Amino acid sequence: MNVLVYLVPVALALGGLGLAAFLWAMRSGQFDDLDGAAWRAIADDDLPEGRG
Amino acid sequence: MDQATDLSVFVRNPTEGVSAMDLVVDGVHCGACIVTIEKGLANEPGVRGARVNLASKRVTIEWDDGALSPAQILKKLDALGYPAYPFAAPMVDSLEAAEERRLLRCLGVAAFGAMNVMLLSVALWAGASSDANGSTRDLFHWLSALVVIPCVAYAGGAFFESAIRALRQRAVNMDVPITIGVVLSIAMSVLQTLEHAEETYFESGVMLLMFLLAGRVLDQRMRRKTRDVATNLAAIKAERAVKLTANGEAIDTPIAAILPGDLVLVCAGERVAVDGIVEDGSSDVDQSLVTGETAPISVAPGALVYAGSLNTSGALRVRVAKAATGTLLDEVNALLEKAIEQRSSYVKLADRAARLYAPVVHVTAAATFLGWLLIGANWQPALVTAISVLIITCPCALGLAVPAVQVVAASAMFRRGVMLNSGDALERLADVDTIVFDKTGTLTLPQPSLANAAEIDTEDLALAGPLALASKHPLARAVAEAAGARSPLAALEFPGQGVTIFHEGKRLKLGSIGYCKAEAQAVEVAARWPDASLIAFQGPKRTVVFAVRQAPRPDAREVIARLATAGYAIEILSGDREAAVAAVARELGISAYHAEMNPAGKIARLKVLREAGRKVAMVGDGLNDAPALAAANVSISPITAAHLTQAQADALFLGDRLAPVADAFALARKARALMVQNLWLSVIYNAIAVPVAILGLATPLIAAIAMSGSSVMVTLNAMRARSAKGTTG
């Protein structure tokens, strides 16, 4: 059972990471516009002008 | 726009040197729109950035102070093909948005806690505690406590606060048993851990919070969505007024920036956008949307005009006034205050359930404790069993029973064009047995239209249409619309009388009865359409009289019949003349009507109905309806209603059709039935689970399965609120 000594902290840290990611996403407005994000992903705004 | 426009009231300064404005852009619906708007604005010099929110159909734009004027931005967006409307978010929006973020944060924390505790608990249930002295089990319990206690303390905050608030007022709401259940389950688990006991209930406590928070987040989201749409619509139809400055300039100004004391110009054919006193000019004003009275009244300097009335003939200069004593606005405000004071407080279904539920459960738990003591058990195991009864009855399903249905039903209504303003409106709508309608603007369309088109020769109508298009008069507009006229004739307008032109060698005239010498025909038409305003046309062959009236909504007759079949008593309370109301009542098949009612009269009638034990829904739009809306059990307004009136309504409906109103009642009844069903489902669940717990057989595993099982069952049942029999769509 010695494996628990590092497995439990690892599990908690991973969970904590997930929570931190969620809180960050919320604070930076990722959930403000749930419809727009789907379209932004396919917008060719990274291509040079006139080639999209 | 040739007039200067002052939009400074909508501009905010998020940081030094930067201006920002929020705009409603109704036309955005896909990715291409986002790119067009954002790129188009970003290419403008001085613009720092623009961000489109597709879900709420809004754009936030930031620019360097002074680089651009707000009007230029609107013009640019218009050139891009997206008409935009500035708006200032109401204060309540930012508060609600903060609440939504808080709930979401709590949900995240509770989910994190539930996930990690389950990791430990499932391991224990699977036999991880098989070592001889139980040290692994103790370690896992301590770890669970470490995770759960801070998570619950944070995520449960909303429930704890609300429970304490309720207890302070010596009341019980659903949050009280929730709080007791959660706190006790955690506290007992800590004691059990100290005692090296085998079973703890950490996961039950945190999972319960997670389920309930998920329900609340969805509820909050749905309400935000409906509020967003209402704010957008308000921005789109936001009226402007032409403000006259001290040096005589005319500036097109949004209503939000007009202050009492300002002088405003109202041209013929425009709606008055403010309440005020006529300073200069004279005209006939149609106040039908304010008082329900369809016949125009003459105003002269010193007369009062109200926002929403239509200036039909001459230009007016109006001095904006606050509600002065003795005016209609003042009377409405006074009645409104009184009505709100006397509004009977409705006890929500969930709170009524909690009032019954909390004492029963707590007495059962106490009886369990005493029972075990009586049959000779030690006080400790007896207490553990008693608390496990409290935990297993903790109202997870009960807490979800009502909000889950609310979310589904509110979104179903939203799809049918009904927006709920208040949380318990759904339940109050379901209680209704009597529906009282206002006539003008509610049963009828707010815009006037030609009533006797069928009786008029098409040739005459085809000639009258282009002539009517040349006039600014609202009655003429209805004629032009009925004729489908596109290009106006270059006619001469005599204000207050009519328009005239020589056309193919004949003199054509369109205007007042006297102007066209149509007195004989007018008598006949007036008898046929008692509630109509008349406008005459002198054509090449004959003179005809058009009857223009606010026609009933296209589906009003069917909807009224549908509501009557569903068992509702229906009544009309109108401020209009007896003859006009009777005509509409007859047309729609409504036998009970009261005409010439002032705001106080409407309230008095509602009081009579309520004292007879009726549950009354009021549907109205005018300023004169506002106090009645507040006094009714529940109220609905069309989105075209006056601002003050909309604020009193529990629900708003969109569009020209009346069907959303009937749908709202049908969906509310269905939702109410499902809520009751859900409450019974949780009672049945408790009836099975409680004896198990009393016998001391409720292990944490059973508690976890039973709780999530009942929550899922209740949620699935709530999904059925999406449709109701007899509704469209």
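Values below: every heavy atom of this structure, side chains too, minus hydrogens, waters and symmetry copies. The structure displayed is predicted, hence computed values, not measured ones. Naming convention: chains lettered A, B, ... in sequence-line order (proteins, then strands); numbering from 1 in each chain.
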Under 4.5 Å to a heavy atom of chain A? For B:Glu100 that would be neither
Turns out that what part of B:Asn116 lies under 4.5 Å from chain A's heavy atoms comes down to side chain
One should read off an interatomic distance between A:Leu12 CG and B:Leu119 CG, to the nearest 0.5 angstrom, of 8.0 Å
Output for pair (B:Phe112 CZ, A:Leu17 CG), nearest 0.5 Å, gives 10.5 Å
Under 4.5 Å to a heavy atom of chain B? For A:Leu23 that would be side chain
Determine the minimum heavy-atom distance between [X] and [Y], stating which atoms define it.
X	Y	answer
A:Asp35	B:Ala55	OD2-CA, 3.5 Å
A:Phe31	B:Arg221	O-NH2, 3.7 Å
B:Val52	A:Asp33	O-OD2, 3.7 Å
B:Arg105	A:Met26	CG-CE, 3.7 Å

Neighbour count above 12 (heavy atom, 6.0 Å) for [X] [atom1]:
X	atom1	result
A:Arg27	CZ	no
B:Glu198	CD	no
B:Arg722	CZ	no

Max heavy-atom pairs within cutoff under 4.5 Å with chain B, candidates A:Ala38, A:Ala41, A:Gly16, goes to A:Gly16
Pair count under 4.5 Å, heavy atoms only, with chain A: among B:Val109, B:Leu120, B:Ile34, B:Leu104, highest is B:Leu104
